[in-house]
**Q** 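For reference, the structure I am asking about is given below.
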Amino acid sequence: MSKYKEYKQLDLPAVADEVLKYWEENDIFQESIDSHEGNKPFVFYEGPPSANGLPGIHHVMARAIKDIFCRYKTQKGFQVKRKAGWDTHGLPVELGVEKELGITKEDIGKKISVEEYNKACREAVMRYTDVWNDLTKKMGYWVDMETPYVTYENKYIESVWHLLKQLYDKGLIYKGYTIQPYSPAAGTGLSSHELNQPGAYKNVKDTSATAQFKVTKDDKSSFLFDDLHGDLFFLAWTTTPWTLPSNTALGVGKNIDYVKVKSFNKYTHEPITVILAKDLVGKWFSAKASDLKLSDYKNDGKNIPYEIVAQFKGSELEGIRYEQLLSYVQPEEGDAFRVLIGDFVTTSDGTGIVHLAPSYGADDYRVAQINGIGALHLVNNQGKFKAKVTDFAGEYVKEQYLKDEDKPADYKSIDVRISIKLKKENRAFDVQKYEHSYPHCWRTDKPILYFPLDSWFIKTTAVKEKLIANNKKINWKPESTGSGRFGNWLENLQDWNLSRSRYWGIPIPIWTTEDKEEQICVGSAEQLRAECEKAVAAGMMDKNPLGDFEPQNMSKENYETFDFHRPFVDDIVLVSPSGKAMKRETDLIDVWFDSGSMPYAQWHYPFENKQLIDENKFYPADFIAEGVDQTRGWFFTLHAIATLCFDTIAYKNVVSNGLVLDKNGQKMSKRLGNAADPFETLKKYGPDATRWYMITNAQPWDNLKFDLEGITEVQRKFFGTLYNTYNFFALYANIDNFSFEEAHVPYEKKPEIDRWVLSKLNSLVKDVDAAFGDYEPTKAGRLIQEFTTDHLSNWYVRLCRRRFWKGDYNEDKISAYQTLYTCLITIAKLSAPIAPFFMDQLFKDLNVVSGKETVNSIHLSDFGKLKEKYIDEDLEQRMEIAQRLSSMVLALRKKESLKVRQPLQKMMVPILDPTFKRQLQDIEALILSEVNVKEIEYLEETAGILVKKVKADFKKLGPKFGKDMKQVAGAISQLSQDQISDLENNDKIELQFSDKTIELTTADVEISSEDIPGWLVAAEGKYTVALDVTLSEELIEEGVAREVVNRLQNFRKEAGFEVTDKINISLETSSELNEAIQNNKNYICSETLAENLSFVDKIEGEKFLLKIDNETKTYVSLKKV
RNA sequence: AGUCCCAUAGCUCAGUUGGUUAGAGCGCUACACUGAUAAUGUAGAGGUCCGCAGUUCAAGUCUGCGUGGGACUACCA
């Protein structure tokens, strides 16, 4: 007969290694999918990591969450396929390759061909896949790594093109321009990622100018003109005077107060009237001059007097016109040179009126667009003014773009020269150097410009309402991320800028003629091949680059006969219907579109597996999970593409997890050296403890302060306790040959304690199932842990120990084994999603003997089955009372220094109500044995014996008495003992207040016993116990006998006897001990498995010193029978 | 700058629909216990529930305004 495996020591990493080997040898993961064939699917999407970096500890966290719910759903009977994926395109890959090869973007096409460059990217990006796969295995993340989707593969790209073409055909793709960071020195746009490189923002001193924009008099503005001092101007401040020729509007804040001020221009000394924000008057006019009269001005630019003459809101200024400041060029379209309302305008800087140059500021552009105002783009791609800006044509707008050797000796920057020009024309109110932080190109170190750049856009704003509506169908964990962060983002949605000016990515499949009149969007390899055929026939190309591709053939080989990447697609010239050449738009598409296409592209939809999507077999996802940083990344692109192309949601449930910080709450980074190595952690602590710790320590969406000591605690506290409990079970079950072959002991015949723990267990199954079902793994883990350590180990096992080692193999003992076995195997099942290795081991160790289950891994078994009828709330409540009362008695013993081994005669408990009495009767025996007291007395007629206390039930009385609540509560606590017994007897009492009488019932208050005069009493909440601490001779002897048993047990152990060995005991006669031992001989013998106990005068040979205290001692010898 | 998250004991975290002694584990101190023993029990110390204001009979809990930490998005005349 097989035995339960007994362990010497808990070694979690070793368990994981062993189980991992077992999984691999028996292909358990595949089995867990195959064995659920035909069951309802649970659809999971893996968000693709980029394999060009090494995995960190946060990946263990993110993947543990994914794994937990996939395993849980498998145990719940679903078939859970999960396909791994790799995100392979994008800037980080390019940057990595450039760093490695020691090149920059400018070298591409010169030092290195695009082909070579992209080849290097393709190799670099998959470099660490082995490391990733290794981590995936070691942490126990089950995902299909054999056939992952890879975003650079032609099949994947073809699906992406198909989706794009859908959008194109729906008219949702257009070309426009936006204001983006642009580096004239490098000749390229910069991504926000590049702008966020350390050191990109530098403090620089620029010439700032406050310009005077002359107000035009018309119906709208006439109210400003009634009291003037010279001409009337708006004041607007800028740190980039070079943008002033491009000014087409001014911005004001709707609710900001503006004032009209009479003063003088400090350069020309001409009288002026200016408008600026009221709060900023102090910034531009000296307080010292506030008392001066306008007539006092000395024309010296100092102490310029001023006078505030009117005040109005920004909203009153809306639409007012002004004269163009520097009229080199007029905007071609739109009604320019008006005052607009801008929500971004503040009074923290400048004048509260913002100069708007829509070509060179994103905010400017946005406001201008809304108001239909055109832009003036007067700077070319090198950063030089165009010829139309006659004064400064061909000059760099930023001094830094000019090489030092090309600078004339008397060089003045454009900003300075424009300022001088304004001063001369009475248009400069103030000019000064201003230090601020400004972004620089990380490659050339030169300042960037915000610049209009051509881009392709997806018109996401066209489906905004649908996106919002669909979002409401998604279950977000936590909810606030969905409604708040994500919801608000959708409310303020902009069109999706799809273009990236890069090399390594999916090309935009749009070809246009040079005059932009004709255009085609390609949606498949087959279509491209056909278009190429036409182009070859028309003489546009010599041969068809897709000539070897065989349409409809889905083989891997066929899809490797060409490459969709640059430069190959760039070489393709197509022919338009009218016979003109069409070239591809050079941009690549945003990599986020790659990953957002993953639900379809992972299956090469619609070219293969069409039914998976169209028949909703693998779409939408039931569940996805990623970091909260993906809210506007992957979560958005999945959602957007699903809504745009299919008008559905892409996922039903989404968990967004927080960050993993170091133990001090700092972000982990290689630079700071505080990043935890996932491999070392897993190796040292094992994946189970690591996962358990991460999941139970903080909610997934809260940041986790990752502390290795926390894992140690989990190891000791949870796994250690569970392991001890199992070992305890195995030890005795092996002795008794328990293999669960007997029928279940009927529920009615099980003792109270077994029923209790089964009730607790089933409550646990119910709660844990609900928690997992609700995507709350933290709650689930904590519940399991609480049950295991507190209820199972520290209460059930502790109280039941004797049942396992004492007595015959009878029904009671079998019930104990069955109950403990059931608890252990159920814990294993509930915990398996979180701690897959250890729990599988536990499952197999138990099942190998019992053979209760036919499957050979817990991950093939079902989730613990709920036996609702075992849940007995009253029983759970009873046991809580028992635990409460026991702990109170133990506390009293402690206070009196009475060891638990010393039996006591009696305890008393006041009976609160009939329910309490019934409950107490059921648990009486339990309490008595736990606290080692012989009897319990119920105090029912308590009047006169107990001193009672009464307290108001605020929840009940609060609503009734409102403002008087405090007074009533005070009166209740003042009730005398007589009044309390009145209340108890009559169930109600009347209280007299100054102006009214109120009636209280027993339901309105809580009555508890405070004291029993003459007894040792403990009171806690509504419970009270009293303990009789008088010791009779008999009790003392029993106490001694227990001490003796304790010593003898230790000697047995010291002598190396087996737990089951029977012994004979010889004791040297001792006057202090003889009587006590003699009177309790049977008890001592049965406890120590002694067949014989005899007294002798002197023991020869090996003996132990049996010492109770200094006076009470003797020698003893033990012999195995 | 906007949006969102977090803030409770030295540390990590619970805290139900607002209800009157704010809890657990770890750590610390002391004492016990010892056929689960690298386990366990009991007790003690340790709190301005981040601050201010408000709603309410009653606020750790609800509202507003701040402070500190974090994330994302955007970027400023």
**Q** Taking only N and O in the side chain of A:N727, is any of them less than 4.0 Å away from OP1 or OP2 of B:A36?
**A**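 So the side-chain polar atoms of A:N727 never come under 4.0 Å of the phosphate oxygens OP1 or OP2 of B:A36.
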**Q** Is it the case that B:U17 (base atoms only) and A:K955 (side chain only) share a donor and an acceptor within less than 3.5 Å, ignoring hydrogens and angles?
**A**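 Under the 3.5 Å cut-off, the side chain and the base do form a donor-acceptor pair.
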**Q** Mind checking if A:Q699 touches a base, just sugar-phosphate, or nothing, with heavy atoms under 4.0 Å?
**A**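 Result for A:Q699 = sugar-phosphate.
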**Q** Using atom C1' in both nucleotides, what's the gap between B:U56 and B:G41 to the nearest angstrom?
**A**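 Pairwise C1' distance, B:U56 against B:G41, rounds to 44 Å.
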**Q** For A:D767, check salt bridge (charged side-chain N to carboxylate O under 4.0 Å, His left out) against everything at least two apart and list the hits.
**A**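 A:D767 satisfies salt bridge (charged side-chain N to carboxylate O under 4.0 Å, His left out) with no other residue.
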**Q** May I have the list of side-chain donor-acceptor pairs in residues 694-706 of chain A shorter than 3.5 Å, sequence neighbours left out?
**A**
| from | atom 1 | to | atom 2 | distance (Å) |
| --- | --- | --- | --- | --- |
| A:T696 | OG1 | A:W692 | O | 2.7 |
| A:N703 | OD1 | A:L659 | N | 2.9 |

**Q** Just one of A:Y723, A:F804, A:Y7, A:Y4 clears the ring-ring contact (aromatic ring centres under 6.0 Å, His included) bar with A:F728, so which one?
**A**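 Exactly one option meets the ring-ring contact (aromatic ring centres under 6.0 Å, His included) with A:F728, and it is A:F804.
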**Q** Can you give me the closest heavy-atom contact between A:Y360 and A:I179, atom names plus distance?
**A**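 The answer is C-CG2, 4.1 Å.
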**Q** Please state the C1' separation for the pair B:C13 and B:A22 - nearest whole angstrom.
**A**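 Nearest-Å result for B:C13 against B:A22 at atom C1': 14 Å.
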**Q** How is A:E786 classified with respect to the nucleic acid when contacts are heavy atoms under 4.0 Å: base, sugar-phosphate, or nothing?
**A**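 Nothing: the residue A:E786, judged by heavy atoms under 4.0 Å, touches no strand.
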**Q** What is the distance from CG of A:L783 to P of B:A14, rounded to the nearest Å?
**A**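 Taking CG of A:L783 and P of B:A14, I get 13 Å after rounding.
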**Q** Using whole Å, report how far CD of A:Q902 lies from C1' of B:A32.
**A**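 Going from A:Q902 (CD) to B:A32 (C1'), I get 15 Å.
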**Q** Is the phosphate of B:U12, meaning OP1 or OP2, less than 4.0 Å from a side-chain N or O of A:K705?
**A**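 True: A:K705 side-chain N/O within range (under 4.0 Å) of B:U12 OP1/OP2.
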**Q** Under 3.5 Å for both donor-acceptor distances, Watson-Crick or wobble: does B:C13 have a partner, and if so which one?
**A**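 Pairing partner, where one exists within any strand: B:G23.
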**Q** Between the base of B:A36 and the side chain of A:S793, is there a donor-acceptor distance below 3.5 Å?
**A**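 Answer yes: a donor N or O sits under 3.5 Å from an acceptor.
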**Q** Output yes when A:E786 and A:R782 qualify as a salt bridge under the 4.0 Å nitrogen-oxygen rule, no when they do not.
**A**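 Result for this pair is no, no salt bridge flagged.
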**Q** Let me know, please, whether A:N794 or A:V797 comes out on the 5' side of the other along RNA chain B by nearest nucleotide.
**A**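 The residue closer to the strand's 5' end, by nearest nucleotide, is A:V797.
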**Q** Using Watson-Crick or G-U wobble geometry with both distances below 3.5 Å, tell me the partner of B:U67, or none.
**A**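 Because both required distances fall under 3.5 Å, B:U67 counts as paired with B:A7.
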**Q** In whole Å, what separates the C1' atom of B:G60 from that of B:G19?
**A**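 After rounding to an integer number of Å, I get 13 Å for this pair.
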**Q** Does A:Y360 reach a base, just sugar-phosphate, or nothing at all? Heavy atoms under 4.0 Å.
**A**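 No contact at all - A:Y360 keeps every heavy atom at 4.0 Å or more from the nucleic acid.
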**Q** Can you name the residues that form a side chain to side chain donor-acceptor pair (under 3.5 Å) with A:N247, not counting sequence neighbours?
**A**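 Once residues adjacent in sequence are excluded, the partners of A:N247 under the side chain to side chain donor-acceptor pair (under 3.5 Å) criterion are A:Y322, A:H355.
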**Q** Taking the six-membered ring for Trp, are A:Y182 and A:Y450 ring centroids under 6.0 Å apart?
**A**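 That pair fails the under 6.0 Å test.
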**Q** In chain order, what residues pass the side-chain contact (heavy atoms from CB on, under 4.5 Å) check against A:L1089, with sequence neighbours excluded?
**A**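 A:L1089: side-chain contact (heavy atoms from CB on, under 4.5 Å) contacts with A:R1052, A:K1062.
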**Q** Counting only Watson-Crick or G-U wobble pairs whose two distances fall under 3.5 Å, which nucleotide matches B:C62?
**A**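 Across any shown strand, B:C62 pairs with B:G54.
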**Q** What one-letter contact string describes nucleotides 1-9 of chain B from 5' to 3', where B marks a base within less than 4.0 Å of any protein heavy atom, S marks contact via sugar-phosphate atoms alone, and - marks no contact?
**A** -BSBSS---
**Q** With both distances under 3.5 angstrom, what nucleotide forms a Watson-Crick or G-U wobble pair with B:A1?
**A**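 Pair assignment: B:A1 / B:U73.
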**Q** Taking ring pair (Phe, Tyr, Trp, His ring centres under 6.0 Å) as the definition, give me every residue that meets it alongside A:F429, ordered by chain and number, with sequence neighbours left out.
**A**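 For A:F429 the ring pair (Phe, Tyr, Trp, His ring centres under 6.0 Å) partners, ignoring immediate neighbours, are A:F285.
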**Q** Under a 3.5 Å cut-off for both contacts, is B:U42 paired Watson-Crick or G-U wobble with anything, and if yes, with which nucleotide?
**A**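 Base-paired to B:A30.
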**Q** Counting only side-chain N and O atoms of A:Y450, is one of them less than 4.0 Å from OP1 or OP2 of B:C76?
**A**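 It does, given that an N or O in the side chain of A:Y450 lies less than 4.0 Å from OP1 or OP2 of B:C76.
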**Q** Could you tell me whether the phosphate oxygens of B:G27, OP1 or OP2, come under 4.0 Å of any side-chain nitrogen or oxygen in A:R716?
**A**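 Yes, such a contact exists.
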**Q** With both distances under 3.5 Å as the test, what is the Watson-Crick or G-U wobble partner of B:A36?
**A**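 Per the H-bond distance test, none.
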**Q** B:C72 C1' sits how many Å from A:E491 CD, rounded?
**A**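 From A:E491 CD to B:C72 C1': 17 Å.
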**Q** Which part of the nucleic acid, if any, lies within contact of A:N1046, taking any heavy atom under 4.0 Å across all strands shown: a base, the sugar-phosphate backbone alone, or nothing?
**A**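 The residue A:N1046 makes sugar-phosphate contact but no base contact.
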**Q** If the P atom of B:A59 is compared with that of B:U20, how far apart are they to the nearest Å?
**A**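 Here B:A59 and B:U20 have their P atoms 12 Å from each other.
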**Q** Have a look at A:R798 and say if it touches a base, only the backbone sugar-phosphate, or nothing, with a 4.0 Å heavy-atom cut-off.
**A**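 It contacts base atoms.
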